[in-house]
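Letters A, B, ... are given to chains in the order of the sequence lines, protein chains preceding strands, and every chain is numbered from 1.
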Protein chains: 2
Amino acid sequence: MFTLAEENYLKAIFHLENEFQGEISTNAIAESMETKPSSVTDMIQKLAEKKLLTYKRYKGVQLTGSGKKVAAGVIRKHRLWEVFLVEKLSFHWDEVHEIAEQLEHIQSEELIIRLDKFLGSPDFDPHGDPIPDKHGVLKRTEKKILSEIDKNQKGVCVGVKESSPEFLQYLDKKKISIGTKIYVLGKEFFDGSMIIQVGSEQFFISHKIAENLYVQTQE
Amino acid sequence: MFTLAEENYLKAIFHLENEFQGEISTNAIAESMETKPSSVTDMIQKLAEKKLLTYKRYKGVQLTGSGKKVAAGVIRKHRLWEVFLVEKLSFHWDEVHEIAEQLEHIQSEELIIRLDKFLGSPDFDPHGDPIPDKHGVLKRTEKKILSEIDKNQKGVCVGVKESSPEFLQYLDKKKISIGTKIYVLGKEFFDGSMIIQVGSEQFFISHKIAENLYVQTQE
DNA sequence: TTATATTTTTAGCCTTGTCTAAAAAAATTA
DNA sequence: TAATTTTTTTAGACAAGGCTAAAAATATAA
Ligand SMILES: [Mn+2]
Ligand SMILES: [Mn+2]
Ligand SMILES: [Mn+2]
Ligand SMILES: [Mn+2]
């Protein structure tokens, strides 16, 4: 179907489109993929020929319907495999991303149908990210970034924006995982840092931490 | 570690060494991999540089210790994944080979340790082939090819030499699977065909079928 | 032993995906 | 508006892994 490189480009552009609005720039793609802009230009020209995205020189790109579908399919596979690794093979949530980066490229429709069933058709991966359905549709949930929560409000952790091992291990140390209740006791407007309560512990977190945690507030 | 192409060459040569004695020829490798002899020459020269096999121009190749270890590792992964697909995802034994051809190249030591444990450290794959241990050691079992069994002898099917979907589907139709008892009621020396009994059914099989079935005789 | 056939290697080309260096376009600053 | 900086594209090169055609070595037949 599509090569490993093509799938990775489509996935990266899909993530960028969900994060920023409008056309995605060559440089943004290059940065997110840790590659050179000239390589990106080459590849997006090929993907444009295949109608997976629209491209006008110097104007950036935008995924077409089929481009989005391919990207969502890869992300679906990635997240299902992450669930498998955590739920069935007892991996820790900070260990699964690299392996899923490989597994997401295995080509077999039937495999994913059966893996999904075996896992009980999960809706979210171990980092709280939604798993696209077989048609590539991602259901959006209302979640807020912790840094946007006001003082004296509370929320439940429903996901992480970053999922690097370093960040996830920090959260482990602080006993924060998906489902953890977080109370915002104080908020410093100068640097965006917070005092929060998790369980019976109260501690300080930086803005960088707060902007990478998703929470749901109940109302 | 090694590229997909390198792993596939090493695996093919490993299988050829187990089937034939002595050096393996360029043409034999090309045929088994469905590629051209000139491509094989290119690759074996690279693998010789990496000390994965020994090579003298025009004289064929032989895997070194480390070449064998890499190959056995790939085969271990292939067969463990086949067990996973059949035991956990309920695939049929004729559907798993192609998917395992992809999964065998996933690079993660820890993944295989955990997959093996999850599957209960199986000794054989769904086709009756032994799974190399983590050191690459393949335990040999005494098994015979059905075509070598004499008239009026019986055996238990313990494996298949071919594992193409076509052959496996033929066996299904005849209700032959791993563990099935087979009685040799008659044997035609002219063409090697046989009359066998499986359960309460008696039927004819050609030499081509008989030489692709492994059985164990009890004595 | 010489001639022929087969096997293996080499030489040269192609595609994919990457890079660096230079050119071109767009955006920003003066 | 003109000059400068940034972004993007193009040109040309390279490595991996494949191919075809031709040359070289080995094996077989006469
Ligand atoms: Mn991930
Ligand atoms: Mn994830
Ligand atoms: Mn197989
Ligand atoms: Mn098998």
Figure out the [atom1]/[atom2] separation between [X] and [N], and round it to whole Å.
| X | N | atom1 | atom2 | value |
| --- | --- | --- | --- | --- |
| A:L47 | C:dT16 | CG | C1' | 13 Å |
| B:N27 | C:dA5 | CG | P | 18 Å |
| A:K50 | C:dT16 | NZ | C1' | 10 Å |
| B:Y9 | D:dG18 | OH | C1' | 8 Å |
| B:E49 | D:dA15 | CD | P | 13 Å |
| B:K36 | D:dA16 | NZ | P | 23 Å |
| B:D42 | C:dG12 | CG | C1' | 11 Å |
| B:E6 | D:dG18 | CD | P | 10 Å |

N/O donor-acceptor pair under 3.5 Å between B:R79 side chain and B:P130 backbone: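 Yes.
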
Taking B:S147's backbone N and O only, do any of them form a donor-acceptor pair with B:K187's side chain (distance below 3.5 Å, no angle check)?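 Here the side-chain-to-backbone pair exists.
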
Check: protein-nucleotides 21-27 of chain D nitrogen or oxygen pairs below 3.5 Å:
| residue | atom | partner | partner atom | Å |
| --- | --- | --- | --- | --- |
| D:dA25 | O4' | B:Y58 | OH | 3.3 |

Given [options], identify the nucleotide with an atom nearest to the side chain of [X].
| X | options | result |
| --- | --- | --- |
| A:I44 | D:dT9, D:dA16, C:dG17 | D:dT9 |
| A:T26 | C:dT9, C:dG17, D:dT8 | D:dT8 |
| A:M43 | C:dG17, D:dT9, D:dG18 | C:dG17 |

OP1 or OP2 of [N] versus the side-chain N and O atoms of [X]: is any pair under 4.0 Å?
| X | N | result |
| --- | --- | --- |
| A:T3 | C:dT16 | no |
| A:S39 | C:dC19 | yes |
| B:T41 | C:dT9 | yes |
| B:S25 | C:dT7 | no |
| A:Y55 | D:dT8 | no |

Note: B:R114-B:E110 ion pair, threshold 4.0 Å (strictly below):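 Salt bridge between B:R114 and B:E110, a charged N being under 4.0 Å from a carboxylate O: yes.
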
Are a donor atom and an acceptor atom from the side chains of [X] and [Y] found within less than 3.5 Å of each other?
| X | Y | answer |
| --- | --- | --- |
| A:D133 | A:H135 | no |
| B:H78 | B:D125 | no |
| A:S193 | A:D191 | yes |

Close side-chain approach of [X] to [Y], heavy-atom, < 4.5 Å:
| X | Y | result |
| --- | --- | --- |
| A:V70 | A:L52 | yes |
| B:L85 | A:L111 | yes |
| B:W93 | B:I178 | yes |

Quick check: are there more than 12 heavy atoms from other residues, nucleotides or ligands sitting under 6.0 Å from NZ of B:K139?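 For B:K139, atom NZ is crowded (more than 12 foreign heavy atoms under 6.0 Å).
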
Quick test: give all pairs of protein nitrogen or oxygen and nucleotides 2-4 of chain D nitrogen or oxygen below 3.5 Å, distance rounded to 0.1 Å.
none

